[in-house]
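Here, residue 1 is the first one in the sequence, and each next residue gets the next number.
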Amino acid sequence: MKANLSSIQTKIMPIIFGLALFVVAFSAVKGMARGNLADVKLLAGLVVVGGITLALDKNYWLMLPAFFMLGIKLPGLPFDGRELGCILLIAIYVLRLTLQKEKTTKPCTPLLMALPFLLWIFMVWCLNPTGLAMFGSTTVGARFYLKIIFGVFAGCIMCTKAINENDAKKLFFVIVAAQIIQSFISIFAAGLISTEVADEDRGTGRYEYLFALSIYTIMFCRYSLSDVFKSGWKFFVVAFFALLTIYTGKRKAIGTLLLLPLLRVFFTGKDKMLTFACVCFATFVLIFTVAADGAFYELPPSVQRSLSVVVPKYRETEITQDIFRYEIRRIGNEIIKDSPWVGRKGFAIDAREAIWIKSLGSDLYGGHAFTGNWHSAWYAYACDFGIPCAIGYYIALIFMLFYSVKVLKQMRYGSWSFICLLFFTLNIYISAIFSYTSGHSSFTTMGFMYNLGIIVALENGLKQDKQLALLNDTNKIA
């Protein structure tokens with residue numbers, strides 16, 4: 001019976017995709033006839049995504065990390081890349097579940113650690129519900145609830161998956177491919193903007209090169225520090241992207257570059273003395289470079305911005321940024337003081353808030369507060385949902401930090417599963433370390449559930465691989 005059902009499903013799926021392709025082609029022709037190229041681009045994008053998804057078959061979940069890493073947006077759709085990745089995962093999972101093609105594992109206990117702060121968010125929404133308002137703007141107001149919902153569902157679905165060693169290899173290459181594509185997209189997009197306009201918009205930062213930090217992280221996950229020094233091309237790649245990361249002007253870049261090798265040593269116990277020597281050498285080079293600046297050369301403004309965290313003489317160039325953080329946290333402190341339990345009651349826009357935002361005019365700080373752009377995960381949860389939600393989130397985050405390392409210790413060093421989990425673990429720790437200076441209650445929640453789902457799926461795959469190896473050993477003995 002199951003074989004017949006599987007045969008029927010195999011025949012039906014291409015027919016459904018063929019009919020969908022015919023409808024899309026017909027709609028595209030009509031759109032071209034009307035001169036509506038936006039619809040044509042949207043339909044073409046849907047065909048490409050649908051075709052890739054169909055080709056991936058049971059590996060459809062790879063679309064989630066791909067869209068999360070790329071952040072691409074299909075024209076005509078009111079969803080960003082992360083939302084689109086979650087929507088695809090949820091839709092295909094439900095379809096395969098209906099067709100009885102989905103193999104799932106039992107619900108896992110790690111999900112329980114996220115329940116307290118997620119239930120608190122739901123309670124705050126009940127106090128100030130939004131209804132269909134969450135389908136409005138993608139950058140303000142109640143729409144942020146939709147990001148949280150997508151993240152929760154996608155994370156729960158990933159917790160039912162099992163990423164074994166072969167799947168982990170595919171996941172790693174998806175991560176690498178996504179970063180390479182993202183690098184070209186970032187550079188191309190930056191080339192479309194004049195330098196004068198870009199500098200006026202972002203100050204001294206060169207954020208189009210932030211992909212360099214991800215590639216630097218990938219290299220440290222795939223290769224140990226000793227491997228990097230033994231190979232000329234590996235050393236060149238790591239050094240190049242490290243310098244490019246500093247050039248971005250992102251002020252946490254220096255800390256991240258130094259922390260990644262140290263965290264890798266902490267997780268793996270490999271290359272302790274070599275890492276210590278490299279950190280000492282990098283510190284010496286930094287001191288020499290700063291000391292010679294102004295006498296023999298002048299560092300680019302973006303590099304000065306990166307170094308302003310550790311070098312006092314560069315901090316005067318960041319007065320505007322310091323004022324911004326001071327003002328946004330002053331507003332946050334007032335909100336927490338007035339309503340410590342539920343903050344500003346989530347993202348709903350009521351009449352009082354509408355009048356408030358209208359009266360702000362060109363007030364930059366009030367506008368950022370209204371959109372929940374607190375530039376701090378600590379303030380984000382406390383201001384948007386109250387102090388209890390912030391406490392619940394950080395308890396869950398600490399649990400996930402220990403949980404990811406626990407799973408990492410169980411994996412074979414150098415395996416694809418180990419490399420992938422090391423990549424996600426390093427990113428989680430870096431995000432936690434810098435959470436006071438970056439974060440948004442909706443984006444951070446979405447990312448938390450995504451990371452949790454990947455970690456649990458890798459652990460499920462590890463368990464399956466161990467069971468399969470034990471079964472093979474038993475069969476050999478028999």
Handout entry: Pairwise side-chain contact, Val124 with Cys389, heavy-atom cut-off 4.5 Å (strictly under)
Key = no

Exercise for the section: Would you kindly say whether Tyr381 and Thr445 are connected by a side-chain donor-acceptor distance under 3.5 Å? Expected result: yes

Exercise for the section: Evaluate the side-chain proximity of Trp374 to Ile331: yes if any heavy-atom separation is below 4.5 Å, no if none is. Expected result: yes

Problem - Phe173 and Trp416, any side-chain heavy atoms less than 4.5 Å apart - result: yes

Problem - Beyond-backbone contact of Tyr403 with Val456, side-chain heavy atoms, under 4.5 angstrom - result: yes

All N/O donor-acceptor pairs, side-chain side in residues 422-433, below 3.5 Å, sequence neighbours left out:
residue: Thr425; atom: OG1; partner: Leu421; partner atom: O; Å: 2.7
residue: Asn427; atom: ND2; partner: Phe423; partner atom: O; Å: 2.8
residue: Tyr429; atom: OH; partner: Leu401; partner atom: O; Å: 3.0
residue: Ser431; atom: OG; partner: Asn427; partner atom: O; Å: 2.9

Handout entry: Phe122 side chain near Leu118 side chain, heavy-atom distance below 4.5 Å
Key = no

Problem - Minimum side-chain heavy-atom gap Thr256-Tyr216 below 4.5 Å - result: no

Problem - Closest contact, heavy atoms only, Cys159 versus Leu452 - result: SG-O, 4.4 Å

Completion exercise
Nearest heavy-atom contact between Met400 and Met113 is CB-CE, 3.8 Å

Practice task
List in chain and number order the residues that pass side-chain hydrogen bond (donor to acceptor under 3.5 Å, both in side chains) with Tyr394, two or more places apart in sequence or in another chain; answer none if no residue qualifies.
Solution key: Trp378, Ser435

Problem - Aromatic centroids of Phe347 and Phe385 separated by under 6.0 Å - result: yes

Handout entry: Closest non-hydrogen atom pair between Asp167 and Ala162, with its separation
Key = OD2-O, 3.6 Å

Exercise for the section: Under the salt bridge (charged side-chain N to carboxylate O under 4.0 Å, His left out) rule, what do Glu165 and Lys169 come out as? Steps first, then yes or no, please. Expected result: CA-CA 6 Å; Glu165 185 66 11; Lys169 184 177 181 179; over 6 Å; no

Exercise for the section: May I have the step-by-step check of salt bridge (charged side-chain N to carboxylate O under 4.0 Å, His left out) for Glu334 and Lys337, ending in yes or no? Expected result: CA-CA 5 Å; Glu334 291 176 0; Lys337 184 178 179 181; over 6 Å; no

Handout entry: Trace of the side chain to side chain contact (heavy atoms under 4.5 Å, CB included) decision for Phe150 with Leu84
Key = CA-CA 9 Å; Phe150 286 153; Leu84 192 57; over 6 Å; no

Exercise for the section: Decide yes or no on salt bridge (charged side-chain N to carboxylate O under 4.0 Å, His left out) for Lys147 and Asp80, but give the supporting numbers first. Expected result: CA-CA 10 Å; Lys147 294 182 182 293; Asp80 61 28; 2.6 Å; yes

